[in-house]
Amino acid sequence: MTAALTHLWRLARWGRTLARHGALLGIERDRNAPPGVRRLARLARFGARLPDVPRYAEAFEAIGPAAIKLGQALATRPDLVGDEAATDLLRLQDKLPPVPFSAIRAALDEAFEGKTDQLFSSIDPNPVGAASIAQVHKAVTSDGRTVALKVLRPGIEPAFAEAIETYEWAAIRVEGLGGEAARLRPRAVIDSFKRWTEGELNLRLEAASASELAETMAAEAGFRVPGVDWARTTRRVLTIDWIDGIKLTDRAGLEAAGFDRKTLAASLVRAFLRQAIADGFFHADMHQGNLFACPDGRVAVIDFGIMGRLDRRARVYLAEILYGLLTGGYRRVAEIHFEAGYVPAYHSVDEFATALRAVGEPIRGLPVKDISVGSLLDGLFTITRQFEMPTQPHLLLLQKTMVMVEGVALALDPDVNMWEIAEPFVRDWMRDELGPEAHVADALVLGARSLRELPGFLRRVMALLPLEGAAPPQRPLPEIAVKDRRVWPLWLAGAVGLALGLGLTALVG
């Protein structure tokens, strides 16, 4: 176990870097921040020359790859870092200087046990992309197929492990301060971040995610997922089909090729809705650099290291919330959260619905270009604090994706109205999932499960009953636990609805 002094040294070094970039000023000025944390922030900048405007993104880039990933997650958490910091952190590009090809070649030979030349006829030594965790090279297989070869950076796993261990150590102590720090649940936030990055560091898992997404999205004609070459994939190397297309960042290229950017935007939004709501398995890193317009008009996605999952119950509630926001059903959205226990019962459902209306109503039906995302997020997080709702860090990936969907949609079509795209999809899905046929099917499934469990339940009850003539039991029969109905907290529900419906979000967290 790493010594406390090592953690303190790392934190001091990182804190000094943040302070030199002015990135701790927000903590110093935040009255909700614990006094001890504010004092440490002031101490970290002692003697430093601060910039006129805080440079949050540059600070995280200066610290290193793990910090870049953490900064990307915090970009969707203005409740933690403030609106100004969250906006600036969105500039994190996850780009680093490439690793020399000699090191990449050595990693390939190790991964393929010296059979690299048998598997590939050529590998371009110049990478097409170099990120904080891996870099990608174009290659041709021995059977003549063009593929993308993704290779982990040498030594990246221990570097991330060290950083995350210190993040966990610090989160435990910050949460122990209580108050606002405890409500924001930094330990759970770092735990989500840890699981997120561990998935990215195992490329076999990424290959499995790509394969699963391809299966679930087979019915979406306007969306493409490249195939996986399992024979050339290991834990540290991923080989997938090469995508011949134009990046969605290249607006001039899209126009020159005759693409309809409005159609591309609609296809992307619909594809994400299908992933998140209909299938419950979504690509959680859908920034413009990972999206391409293919010659056949489809939108293709790459980089499957970060994926999110929603179970059916969560998706049903999500659909209810979305539809409530889309149609102005704020009362129902409020009731959902009170039923789930996410809002303390001593608050008023009516006041909660009114607060949600104050945020959602001014933007319903407006094009995204006319909506202030900063003002919207400020309203959502004000409600979070007002109604004492604990932060739900397990939603960070969904929130992160919402921010990206918003950015891509705006870049493709500044006049896009996601409400119009989302409303029929959510309405139809709710009809299928919540209509009478669905209720009958659910009842049949529940009945069958109950019948299967009945004999075992009766045996457990009989075992607890006293035998004839025996002394009565010394303790009461245990209560049968009932699972809570878990739903989305308002700040995420609002962010999701207002993200899909207006292209924004609020976590991964």
Side-chain angles (χ1 to χ4, degrees), residues 209-227 240-304 306-308 310 315 318-319 322 326 367-369 371 397-398 400-429 432 496-505:
S209 295
S211 177
E212 183 176 352
L213 187 64
E215 289 182 6
T216 59
M217 293 299 292
E220 193 63 38
F223 196 74
R224 179 189 174 191
V225 179
I240 61 173
D241 295 341
W242 181 262
I243 296 294
D244 278 319
I246 300 174
K247 279 193 176 184
L248 296 192
T249 52
D250 186 0
R251 293 184 60 180
L254 293 174
E255 291 178 0
F259 284 101
D260 184 338
R261 290 188 286 114
K262 291 181 181 293
T263 300
L264 292 174
S267 296
L268 179 63
V269 173
R270 183 173 177 82
F272 180 74
L273 285 168
R274 180 176 295 279
Q275 292 174 43
I277 297 179
D279 300 317
F281 182 64
F282 62 94
H283 192 295
D285 202 14
M286 295 176 71
H287 60 74
Q288 290 174 313
N290 284 340
L291 295 163
F292 296 79
C294 298
D296 59 6
R298 290 185 294 173
V299 174
V301 65
I302 61 171
D303 196 354
F304 307 91
I306 309 174
M307 307 295 291
L310 308 174
R315 286 182 280 135
L318 175 58
L322 280 170
L326 288 167
V368 175
K369 67 182 179 65
I371 298 170
L397 293 182
L398 186 60
K400 176 178 181 287
T401 307
M402 297 304 167
V403 171
M404 294 176 180
V405 169
E406 175 198 25
V408 174
L410 283 171
L412 290 171
D413 179 13
D415 295 321
V416 65
N417 190 324
M418 292 192 181
W419 292 102
E420 295 177 356
I421 300 172
E423 197 274 340
F425 186 96
V426 175
R427 183 190 62 233
D428 293 344
W429 190 84
D432 294 339
V496 169
L498 303 171
L500 294 180
L502 43 97
L504 119 284
T505 186

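Side-chain atoms of Asp241 come within 3.5 Å of backbone atoms of Gly227 as a donor-acceptor pair (strictly under, hydrogens ignored). In this structure, Gln275 contributes its side chain and His283 its backbone to a donor-acceptor pair below 3.5 Å. Asp285 places no side-chain N or O within donor-acceptor distance of the main-chain N or O of Met307, the cut-off being under 3.5 Å.
Scanning all heavy atoms of the two residues, the minimum distance from Ala265 to Asp413 falls at CB-CB, 4.3 Å. Heavy-atom minimum distance, Leu248 versus Val408: CD1-CG1, 3.9 Å. When every heavy atom of Ile246 is checked against every heavy atom of Gly253, the shortest pair comes out as CD1-O, 3.5 Å. Shown here for Gly297 and Leu264, the closest heavy-atom pair between the two residues is O-CD2, 3.8 Å. When all heavy atoms of Ala284 and Gly308 are compared, the closest pair comes out as CB-N, 4.2 Å. Among all heavy-atom pairs drawn from Phe304 and Ala210, the shortest one is CD1-CB, 3.4 Å.
The side-chain hydrogen bond (donor to acceptor under 3.5 Å, both in side chains) analysis of residues 211-222, with sequence neighbours excluded, yields the pairs Glu212-Arg309, Glu220-Arg274. Sorted by first then second residue, the side-chain hydrogen bond (donor to acceptor under 3.5 Å, both in side chains) pairs that include residues 252-261, not counting sequence neighbours, are Glu255-Arg261, Asp260-Thr263.
From Asp303, atom CG reaches atom CG of Asn290 across 4.5 Å, with rounding to the nearest 0.5 Å. Atom CG of Leu291 is separated from atom CE of Met286 by 5.5 Å, given to the nearest 0.5 angstrom. Atom-to-atom distance recorded for Asp244:CG and Cys294:SG is 8.5 Å, nearest 0.5 angstrom.
Side chains of Met217 and Asp279 form a contact here, defined as non-hydrogen atoms less than 4.5 Å apart. No side-chain heavy atom of Pro226 sits less than 4.5 Å from a side-chain heavy atom of Trp242. Using a 4.5 Å cut-off on side-chain heavy atoms (C-beta onward), Ile302 and Phe292 make contact. Here the side chains of Phe259 and Pro295 are not in contact, with every heavy-atom distance at 4.5 Å or above.
In this structure, the salt bridge (Lys or Arg N to Asp or Glu O under 4.0 Å) partners of Asp296, at least two apart in sequence or on a different chain, are Arg298.
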